[in-house]
Chemist: 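Got a structure for you, questions after.
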Protein chains: 2
Amino acid sequence: MVMLSAPAVPEVPQHVSKAKATSIDIAHLAGVSQATVSRALRGSPLVSEETRERIRAAAEQLNYKVDKNASNLRLQHSGTLALLLFEDPTTDGSNINPFFHSLLGSITRACAQQGYDLLISFQQFSTDWHADYADSKKADGIILLGYGDYHAYRARLEKLVAIGTRFVRWGAVQPDQPGVSVGCDKFSGGQAVARHFIEQGCRRIAFLGDASSHYPEFFERYRGYADALAQAGLPADEALQVDAESTQLSGHRAMTGLIARGAAFDAVFAASDLIAIGAMRALAEHGYKVPADVPVAGFDDIPMASFASPPLTTVLQDTRRAGEVLVDSLLKMIRGEPAQSVMLPVKLMVRQSSVRP
Amino acid sequence: MVMLSAPAVPEVPQHVSKAKATSIDIAHLAGVSQATVSRALRGSPLVSEETRERIRAAAEQLNYKVDKNASNLRLQHSGTLALLLFEDPTTDGSNINPFFHSLLGSITRACAQQGYDLLISFQQFSTDWHADYADSKKADGIILLGYGDYHAYRARLEKLVAIGTRFVRWGAVQPDQPGVSVGCDKFSGGQAVARHFIEQGCRRIAFLGDASSHYPEFFERYRGYADALAQAGLPADEALQVDAESTQLSGHRAMTGLIARGAAFDAVFAASDLIAIGAMRALAEHGYKVPADVPVAGFDDIPMASFASPPLTTVLQDTRRAGEVLVDSLLKMIRGEPAQSVMLPVKLMVRQSSVRP
DNA sequence: CGTCCGGCTGAATACGTATGCATGGGCATC
DNA sequence: GATGCCCATGCATACGTATTCAGCCGGACG
């Protein structure tokens, strides 16, 4: 429990002790003008190697670092991207959606690799988010992450486009959307899961998750599921679809509800891994064995999925790639190059939860 | 797959279409001086309500936002904190340590609550991190997160203190440390786990994790464990301690090694949940039942812990509180108030993995 | 020997905001 | 009616950097 103290530091001359050094101080020390200091440190070919070295030494001696605020002001860009994470306010309050965590990691890495800083912010739906960051020049562009009803903030996206704000969005890629989106091919993912069940002879596959077009994240998964059923000549029984949002609690509720109302089902496809895990718990509580009685699959392949019991079959979204693509697209837009929406492939990860012994 | 397009926007006058508006534009439009615009928007009592309202309307009309770079330059602070996450380069390359994820979430929230932005950056150990952020005024202070050998960068911390950089560190609170640290009371946590085992009659409790004082994160846990053994009059058998870093793979290896060398143990205390999960897998592979044959406990209470099979007994670090304390301490330092290192209490979470039937 | 050119450097300015100081107008006081 | 005061606003400047333009020096060439 030590208090902060400031021991003497021999190598730093005392005339810099408190006030941070500026380029003018460096210029003075190196016997050149401020202009030359700026040029030297930015690597301009106009300055001779000898002078540059002298300046570099002086800068080091005074612990000088370029003031980003001044630099950004002058250059009119910030070398920073902003990540806005929209959290569904109906969440159980605990943690961030694990899938976003994974995406966050890869975005951070991608930014670092491109030499950009990353500003992150968790937004409540209500706040006036479009106001910030990019418009105030804290960031050169923004990345929008978040489930939810995108119709609700579609107007805002359109305004962003109109103002000329650079942004990319993670989520469903749809033809009429404002701006650039990057998403995974959840339709194919939904198909793959349904086919996987159908191949095992399942005919009454329950779907846990909102299936309304207002929630494109889940809707695409549902459409893929429905499409696979149709292709196999199976009916899509509405009684087998239960709304749920992406939490364990919600998954547990949905599954319990389905069981309670006596629905006949022989497989469960949850629209997200969290829902699946909640559902598996509910199934266990009601005496169902997974996968012997009911095979189950989820979606996202969050780290928890492989540690669920039994390990959960799910659909892997390549978050590493996703982060890179998001950042690359945004940087393209910032550089004024054209950027297009991108749909990434997904991969079915078959584990024990979906394979009947 | 839509290209970015810029539809006409009726409500925005065309003379602002491209160039962002400045406070001078607003001043012009509202018929006042730039100074008054600045005062009005910052809520200065010097400007009359009537004028303020007129200015606010003009600002809205032109989509004006204060340029943070210019503002920060003038004010000499940034309203931003930087979070530096040090990753052990020996990690299995996949994801961020889940415990940090949780901390990250709470730090973000705490920042938002205090009106600060958060800049995050994953650092490789090699990079010249002390150079950035705070010194370049991109951030008013920095938060350091990361396991690892803190002796290795102790010199850097001392330099930070000397330069006058504001920072807080998450990690072991030790009397001789430079700067302010916030950490959990891992010593007590280690004690609690060991006592929990001892109460059940275990006498040969293995410890998986580095027990060297060079890794204070784990060392404290080990000390607590050793202390509880001593208090119970049990010998501390060095053969029961195996080095491991905080990954599943490493935990698996350590456990396998312990079994291979024929060590006699009747409980396993893993220094982190990831290690514990890897160890449980190894135990299962060798035919041990958890907890019937060998009770197991971990540390951290990452989300995965309660979904392991069986659910893992572990030690909860209150990350929510930790994030708040980190941010609060840092803000205190920024405001020039004294700040002290803080040690937070922990809580033993008993689940199935450690309780013999 | 004069001229010109190329290679470096310095002086001056702009980026957009916030604030100390000065100012003007209105009102009360004597 | 002159003085004083307060309130609201404008003027001018500083924050620290990056860049344009102008200048200087030395050498090559005519």
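Within every chain, numbering begins at 1; the chains are lettered A, B, ... in the order of the sequence lines, protein sequences first and strands thereafter.
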Chemist: Near DNA chain D, counting only heavy atoms under 4.0 Å, which residues of residues 70-79 of chain A show up?
Modeler: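 Contacting residues: A:A70, A:S71, A:R74, A:L75.
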Chemist: For A:T36 and B:S33, find the nucleotide of DNA chain D closest to each by heavy atoms; which residue's nucleotide sits nearer the 5' end?
Modeler: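 Looking at DNA chain D, the more 5' nearest nucleotide goes with B:S33.
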Chemist: List for me each residue that meets side-chain contact (heavy atoms from CB on, under 4.5 Å) alongside B:H28, sequence neighbours excluded, and say none if there are none.
Modeler: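 For B:H28, no residue satisfies side-chain contact (heavy atoms from CB on, under 4.5 Å) once neighbours in sequence are set aside.
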Chemist: B:F167 and side chain to side chain contact (heavy atoms under 4.5 Å, CB included): which single residue from B:I143, B:V180, B:V161 fits?
Modeler: B:V161
Chemist: Could I get the full list of side-chain hydrogen bond (donor to acceptor under 3.5 Å, both in side chains) partners for A:E60, not counting sequence neighbours?
Modeler: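 For A:E60 there are no side-chain hydrogen bond (donor to acceptor under 3.5 Å, both in side chains) partners, ignoring immediate neighbours.
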Chemist: If you take all heavy atoms of B:K20 and A:D135, which pair is closest and at what distance?
Modeler: NZ-OD1, 3.9 Å
Chemist: Return the set of residues passing side-chain hydrogen bond (donor to acceptor under 3.5 Å, both in side chains) with A:E49 (not counting sequence neighbours), or none when no residue passes.
Modeler: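 Scan of A:E49 (side-chain hydrogen bond (donor to acceptor under 3.5 Å, both in side chains), adjacent residues dropped) gives A:R52.
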Chemist: Is atom CD of A:E50 surrounded by more than 12 heavy atoms (other residues, nucleotides or ligands) closer than 6.0 Å?
Modeler: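 Open.
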Chemist: Heavy atoms only, 4.0 Å cut-off, all strands: where does A:V37 land among base, sugar-phosphate and nothing?
Modeler: nothing
Chemist: As an exercise, state the distance from CZ of B:R320 to CG of B:L103, rounded to the nearest 0.5 Å.
Modeler: 12.0 Å
Chemist: Please find the earliest and latest nucleotides of DNA chain D, in the 5' to 3' direction, that have an atom within less than 4.0 Å of any heavy atom of chain B.
Modeler: D:dA8 to D:dG16
Chemist: State which residues pass side-chain contact (heavy atoms from CB on, under 4.5 Å) with A:V325; sequence neighbours excluded, sorted by chain then number.
Modeler: A:V182, A:R321, A:S329, A:V342, A:L344
Chemist: By side-chain hydrogen bond (donor to acceptor under 3.5 Å, both in side chains), which residues pair with A:S23, not counting sequence neighbours?
Modeler: A:Q34
Chemist: Name all residues meeting the side-chain hydrogen bond (donor to acceptor under 3.5 Å, both in side chains) criterion together with B:E324; count only those two or more places apart in sequence or in a different chain, and write none if there are none.
Modeler: none
Chemist: Do any pairs count as a salt bridge (charged side-chain N to carboxylate O under 4.0 Å, His left out) and have a residue in residues 66-84 of chain A, sequence neighbours left out, and if so which ones?
Modeler: A:D67-B:K137
Chemist: Give me the bend of the helix from C:dC1-D:dG30 to C:dC30-D:dG1, using the axes of the five pairs at each end, rounded to 10°.
Modeler: 60°
Chemist: Could you list the donor-acceptor pairs under 3.5 angstrom formed by side chains in residues 110-118 of chain A, with sequence neighbours left out?
Modeler:
unit_1	atom_1	unit_2	atom_2	d
A:Q114	NE2	A:D328	OD1	3.0
A:D117	OD1	B:Y133	OH	2.8
A:D117	OD2	B:K138	NZ	3.0

Chemist: State, with a plain yes or no, whether a side-chain heavy atom of A:L104 is found less than 4.5 Å away from one of B:L104.
Modeler: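 A:L104 reaches B:L104 side chain to side chain.
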Chemist: Please list residues of residues 38-60 of chain B whose heavy atoms come under 4.0 Å from any atom in DNA chain C, ordered by number; otherwise none.
Modeler: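 B:S38, B:R39, B:R42, in order of number.
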